[in-house]
6 protein chains.
Amino acid sequence: MAAELETGLPSIRLLQTFVKEGKEVEIKLLTNDVLGGKIRWLDQNCICLMEQSNQPTIVWLQAIAYVKPKS
Amino acid sequence: MAAELETGLPSIRLLQTFVKEGKEVEIKLLTNDVLGGKIRWLDQNCICLMEQSNQPTIVWLQAIAYVKPKS
Amino acid sequence: MAAELETGLPSIRLLQTFVKEGKEVEIKLLTNDVLGGKIRWLDQNCICLMEQSNQPTIVWLQAIAYVKPKS
Amino acid sequence: MAAELETGLPSIRLLQTFVKEGKEVEIKLLTNDVLGGKIRWLDQNCICLMEQSNQPTIVWLQAIAYVKPKS
Amino acid sequence: MAAELETGLPSIRLLQTFVKEGKEVEIKLLTNDVLGGKIRWLDQNCICLMEQSNQPTIVWLQAIAYVKPKS
Amino acid sequence: MAAELETGLPSIRLLQTFVKEGKEVEIKLLTNDVLGGKIRWLDQNCICLMEQSNQPTIVWLQAIAYVKPKS
């Protein structure tokens with residue numbers, strides 16, 4: 001894992017844009033689950049996703065296949 | 001693996017809050033298992049989950065997709 | 001993860017060629033998904049893929065099995 | 001992988017307790033296999049499990065989802 | 001990932017022999033795909049496989065289970 | 001990956017014993033394949049397995065769940 005959140009990376013910057021804009025996203029996991037909601041924050045290990053339940057889901061970056069804005 | 005538990009990370013802090021509050025959580029694994037119980041402790045490699053059986057289950061962080069409070 | 005994008009590697013150079021040429025590619029994921037589109041950029045962690053939807057999909061390198069030009 | 005077995009970690013200490021006590025354990029793998037037996041030793045990469053066959057099975061830590069005492 | 005291609009390793013040397021000899025190989029992936037063709041080059045992250053299509057397929061080493069000469 | 005083959009580890013020593021003794025082993029992969037044969041050599045990344053075909057199969061350590069002597 002990176003020591004710091006590498007905010008210089010385009011991928012991190014794009015995720016942070018989704019956070020700032022409160023964008024609805026789809027997160028496809030290696031389990032084939034698809035989670036939906038808004039990203040509250042992210043760090044080197046995880047993304048905190050707020051789903052309909054308004055409870056925080058801690059998603060491990062290691063388990064993510066892709067993230068995209070909800071169409 | 002990190003040398004120390006990175007308690008500065010929001011994800012680690014949120015997990016530690018679940019430990020302090022004795023929160024019932026759901027842990028979704030990359031095997032598609034869903035484990036339920038209370039987190040007793042966590043370290044750089046694992047989470048110790050106390051399930052109904054009141055026996056400690058050592059869950060490898062590498063196998064976790066996400067953790068969320070039980071709805 | 002690498003500290004920098006290792007542009008000296010043949011694999012990175014070939015991906016960058018796909019970016020420059022606007023090549024349509026297929027990305028096979030460890031979930032068995034096959035994504036199609038054009039690579040907009042790549043960094044140490046992710047590939048940004050522009051699919052039909054013209055929305056950016058952030059694909060984690062860790063989840064990729066292979067990439068090949070669309071036949 | 002860690003350079004040394006991190007015996008300061010609660011997870012390693014709990015596994016070593018299972019070794020000392022000759023505890024029957026269940027090991028759930030990312031393949032969805034469930035192996036049962038007694039842990040003879042563990043190092044940074046593997047656990048040596050003695051199953052009914054009384055032959056050593058070398059289980060890679062990277063393939064483990066969780067370990068728990070046999071109920 | 002290794003900083004350099006570790007050409008001292010028997011596994012890398014054997015793969016490089018397959019490249020020099022233009023050997024037809026089978027590559028079994030963690031997705032259970034089996035790719036066939038000739039290895040054009042390899043670096044620390046990927047293998048470039050030339051399949052029937054004569055197009056380069058960039059295969060991530062992280063996704064490989066095994067490689068063997070085509071029987 | 002380790003810089004050197006860590007011959008001090010019990011797991012590596014046991015595998016090397018299988019090599020010296022020409023032991024028939026079963027290798028269970030994360031793909032759920034089970035390969036059988038004799039281990040010719042191992043390095044930090046791979047195991048070279050000689051199956052019935054008498055051709056070398058290069059098995060990535062990252063894809064291994066467990067190895068055990070053939071019963």
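Chain identifiers are assigned alphabetically (A, B, ...) following the order of the sequence lines, protein sequences preceding nucleic acid strands; residue numbering begins at 1 within each chain. Every heavy atom of this structure was used, including side-chain atoms; hydrogens, water molecules and symmetry mates were not.
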Rounded to the nearest 0.5 Å, how far apart are [atom1] of [X] and [atom2] of [Y]?
X: D:L14; Y: B:W41; atom1: CG; atom2: CH2; value: 5.5 Å
X: D:L15; Y: B:C46; atom1: CG; atom2: SG; value: 7.0 Å
X: D:K23; Y: B:Q55; atom1: NZ; atom2: CD; value: 5.5 Å
X: B:L42; Y: D:S11; atom1: CG; atom2: OG; value: 10.0 Å
X: D:K68; Y: B:E51; atom1: NZ; atom2: CD; value: 4.5 Å
X: B:N45; Y: D:L61; atom1: CG; atom2: CG; value: 8.5 Å

**Complete:** Shortest non-hydrogen pair, B:Q62 vs D:A63, comes out as NE2-N, 4.0 Å
**Message:** Surrounding CZ of D:R13 (heavy atoms of other residues, nucleotides or ligands, distance under 6.0 Å), is the total greater than 12?
**Reply:** yes
Is there side-chain contact between [X] and [Y], with at least one heavy-atom pair below 4.5 Å?
X: B:T31; Y: D:Y66; result: no
X: B:D33; Y: D:K28; result: yes
X: D:E6; Y: B:D43; result: no

**Message:** If I measure from the heavy atoms of chain D, does B:L35 come under 4.5 Å with its side chain, its backbone, both, or neither?
**Reply:**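 B:L35 touches chain D through side-chain heavy atoms alone.
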**Message:** Given heavy-atom pairs under 4.5 angstrom as the criterion, report whether the side chain, backbone, both or neither of B:T57 touches chain D.
**Reply:**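 For B:T57, backbone and side chain are both near chain D.
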